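Structure first, then comments.
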Protein chains: 2
Amino acid sequence: MMWVNRLRRARRRAQPDRNIVIKPVYIDYPCEVSTAEPSPTSTAGVESSPSKRATIGDVAARAGVSKSTVSFVVNGRPGVSATSRDRVLRAAAALGWQPSARARALSRNRTQAVGLVIRRDPELLSTDPFFPQFMAGIEIGLAAREYSLVLQVVGDEQSERAAYRRFARESRADGVFLTDLRIHDTRPEELRELGLTAVIVAPEGTEPGGDPTIGMNDDAGVRRAVHHLHSLGHQHIAHVMGTAGYVHTEARRRAWQGALEELGLPIGTVVTADFTGASGARATHELLDLPQPPTAIVYGNDLMAIAGISVAADRGLRVPDDLSVVGFDDIPLAPYTVPPLTTVRQNVVAWGTAAAQTLVALVEGKQPPPVDLPPVEFIVRGSTGRTSTRDTGSR
Amino acid sequence: MMWVNRLRRARRRAQPDRNIVIKPVYIDYPCEVSTAEPSPTSTAGVESSPSKRATIGDVAARAGVSKSTVSFVVNGRPGVSATSRDRVLRAAAALGWQPSARARALSRNRTQAVGLVIRRDPELLSTDPFFPQFMAGIEIGLAAREYSLVLQVVGDEQSERAAYRRFARESRADGVFLTDLRIHDTRPEELRELGLTAVIVAPEGTEPGGDPTIGMNDDAGVRRAVHHLHSLGHQHIAHVMGTAGYVHTEARRRAWQGALEELGLPIGTVVTADFTGASGARATHELLDLPQPPTAIVYGNDLMAIAGISVAADRGLRVPDDLSVVGFDDIPLAPYTVPPLTTVRQNVVAWGTAAAQTLVALVEGKQPPPVDLPPVEFIVRGSTGRTSTRDTGSR
DNA sequence: TTGTACGCGTTATCAG
DNA sequence: CTGATAACGCGTACAA
């Protein structure tokens with residue numbers, strides 16, 4: 001019933017404009033209007049084939065025009081008289097016709113879909129805030145709703161390659177996102193070989209050559225974190241890195257180090273971890289076991305930072321009095337740790353939106369719109385504070 | 001180069017069996033074998049059209065058979081002589097031909113894709129462990145790799161409806177998953193009207209009628225939590241519910257209440273929240289402000305529980321001495337809260353796998369395999385303990 | 001504006 | 001049995 005109402009409204013709306021360039025027509029109703037019983041309106045129709053979806057031919061016949069004319073109308077192309085246009089729309093509405101996406105894909109040789117491969121260790125899969133937000137952002141960028149997002153979740157590198165190959169081979173996607181860029185990543189080249197249009201998602205400043213890169217300057221957040229700690233009197237600031245080899249991991253480490261150099265502070269210890277809680281805990285123990293332990297630690301993500309707080313508590317250290325902790329991501333839990341976590345927040349949703357818009361533009365051979373991402377934010381909460389240690393540079 | 005090797009291997013494998021029923025052939029190489037320079041092998045070919053993808057017609061011509069024969073071979077249908085089969089495979093390998101997924105979709109009237117609509121408040125999007133794990137599970141269930149997962153992330157109910165309509169209208173998916181079932185949910189019916197095959201993902205015992213339901217008995221976990229608290233001497237056990245109206249929200253509340261009744265404990269206070277940290281914090285304050293505050297709280301998810309711990313800490317209460325806390329989900333952070341969180345864990349990945357297998361079977365008109373999900377686990381960590389309050393039932 | 005070939009497999013029909 | 005022919009699914013694009 002609801003559908004019928006929609007249908008009526010759609011029909012009423014169908015007053016043709018003059019034949020200026022006309023927007024594509026989009027009619028919002030399900031494939032088959034009359035399913036079970038022949039609806040009263042359809043009796044007026046020419047041939048009521050109830051359970052069969054109408055085709056462009058049916059519409060053309062009913063409107064008394066050719067298929068091409070119908071195609072022109074639906075695609076908003078000029079060169080159709082107002083009367084024909086009107087008749088076509090009327091016929092389409094009456095038959096409940098929608099152009100078939102499948103037939104379109106075949107003749108246009110495009111799927112109208114973009115692909116995303118998610119590669120994550122099982123443990124990180126449900127904690128990493130990146131992908132959910134990124135996907136939400138993509139959807140916003142795909143907002144015209146004419147593209148779909150095809151997803152594949154994989155666990156290792158080999159499956160990842162296979163996933164991209166599959167996208168290409170089965171033409172599942174017209175373009176793909178490339179995330180988690182690694183140092184000396186060979187994937188951009190591989191995607192080119194596969195003939196897949198790609199947008200690379202990586203921190204600003206990355207130049208993998210060729211494909212366009214959408215990036216945020218997340219290292220600005222890390223720099224601000226170090227400056228913040230310095231202003232609180234910290235001299236010994238360590239860093240717990242995420243998985244080595246990723247561009248963003250390195251970018252964060254470089255930002256930490258660069259800030260220390262700027263401030264003339266000694267370069268603290270770096271421990272390589274892998275973004276998991278367990279690795280963050282281990283790294284924290286390592287740092288606190290040093291003969292001269294840091295008074296502050298900057299972590300590569302929130303999960304490791306929170307594990308660090310937990311380790312500190314276990315060892316009887318107070319946060320932030322004995323140890324200040326900074327995370328990265330600002331997961332929704334960050335305000336609810338004890339103490340609340342100071343961290344860096346990027347607008348991942350906006351990032352995804354920009355990436356999607358760029359990718360769609362590329363796929364359609366248009367000029368990608370300029371990207372303007374909001375700046376990274378540094379969120380000060382309770383896990384950072386003045387150090388209680390008289391930190392004179394050596395003790 | 002890699003491709004060439006694969007190709008050789010594929011070719012070598014191509015020894016035809018006898019004409020028993022033959023498995024579909026699957027060749028793993030990219031669409032176009034020779035891209036830039038004409039490869040040495042292709043000169044031996046009949047017509048080397050470098051940049052153009054081969055079609056079934058080309059293969060048929062090269063093998064000296066008809067298109068139907070090629071089709072039969074690729075689809076593993078009987079009725080093809082071993083010689084023909086051999087020639088076809090040889091020709092296909094030589095031309096690097098793959099059946100076009102698009103053409104197949106058109107003629108088979110199937111997309112070979114399943115759809116998932118994710119509806120979440122922005123805040124919960126990046127914390128909720130359900131969807132990432134569920135998606136990973138789906139991928140495993142789609143393992144034969146012949147189906148794709150098409151995703152849509154939406155924020156509200158209206159967009160959700162639109163998403164399903166779009167799946168149907170554009171034939172983006174042959175079937176869909178229906179998650180977050182609500183009480184008196186109208187979506188199953190709507191999906192039926194749209195002609196979309198669906199699998200409902202909801203707690204065990206739900207009977208929305210019609211569509212098959214894949215469920216876990218997550219309430220068993222909540223029951224065990226209550227029993228555990230009882231065994232620790234708790235008499236006043238409250239519950240913080242998630243968003244009202246969801247089947248799983250209600251199921252958890254009922255499980256909590258049922259366990260209390262079983263044990264002859266007074267039914268504690270229920271506060272309705274919405275799964276966010278903020279709501280969990282607010283609910284906790286409410287409970288602790290009661291004239292007779294609970295000594296233990298069972299939360300509808302981990303995020304709210306962790307917020308609860310934070311509130312308790314702010315109010316100077318010790319967890320678990322003054323207040324025991326139980327969560328639900330076992331997010332990867334749960335071991336790293338202070339104290340570590342006692343919680344309930346479901347195997348969401350297995351759930352997703354089962355759902356996917358069921359959906360694919362339905363779409364293909366086969367009998368769905370029996371589902372056998374691992375039981376829910378109850379994970380005791382540090383946030384629950386003997387109550388320090390002399391809890392005699394009234395104080 | 002229209003006719004029509006085309007994109008690419010699938011499948012029913014029919015002949016060998 | 002084996003295999004070929006042709007119609008079909010549904011738009012798009014180009015020539016007329």
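Predicted model only: the values in this text are computed from it and were never measured. Values below: all heavy atoms of this structure, side chains included; hydrogens, waters and symmetry mates excluded. We name chains A, B, ... by the order of the sequence lines, and we start the count at 1 in each one.
- Partners of A:Ser84 according to the side chain to side chain contact (heavy atoms under 4.5 Å, CB included) rule, which considers only residues two or more places apart in sequence or in another chain, are A:Val65, A:Thr69, A:Val80, A:Ser81.
- Within the 4.0 Å cut-off from OP1 or OP2 of D:dG9, not a single side-chain nitrogen or oxygen of A:Ser100 is found.
- Remark: P of D:dT2 and CG of B:Asp86 are 15 Å apart, rounded to the nearest angstrom.
- Here A:Arg87 pairs with nothing under the side chain to side chain donor-acceptor pair (under 3.5 Å) rule; sequence neighbours left out.
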Practice item. Spell out protein contact along nucleotides 10-16 of chain C as letters: B when the base is contacted, S when just the sugar-phosphate is, - when no protein heavy atom is under 4.0 Å; keep the 5' to 3' order. Key: BB-----
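- Nucleotide D:dG9 holds its C1' atom 15 Å from the CZ atom of B:Arg110, rounded to whole Å.
- Distance alone, capped at 3.5 Å, is enough to place a donor-acceptor pair between the A:Arg187 side chain and the A:Thr179 backbone.
- Remark: P of C:dG9 and CZ of A:Arg102 are 16 Å apart, rounded to the nearest angstrom.
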Identify all side-chain donor-acceptor contacts of residues 354-367 of chain A below 3.5 Å with residues at least two apart in sequence or on another chain.
from, atom 1, to, atom 2, distance (Å)
A:Thr358, OG1, A:Ala354, O, 2.8
A:Glu364, OE1, A:Lys366, NZ, 3.0
A:Glu364, OE2, A:Tyr147, OH, 3.0

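- B:Ser71 pairs by the side chain to side chain contact (heavy atoms under 4.5 Å, CB included) definition with B:Ile56, B:Asn75, not counting sequence neighbours.
- Between A:Asn109 atom CG and D:dA13 atom P there is a gap of 11 Å when expressed in whole angstrom units.
- The distance from atom CG of B:Leu95 to atom P of C:dC8 is 13 Å, rounded to the nearest whole Å.
- Every residue was checked against the side chain to side chain donor-acceptor pair (under 3.5 Å) condition with A:Thr55, not counting sequence neighbours, and none meets it.
- Within 4.0 Å of A:Val65, counting heavy atoms only, lie sugar-phosphate atoms of the nucleic acid but no base atom.
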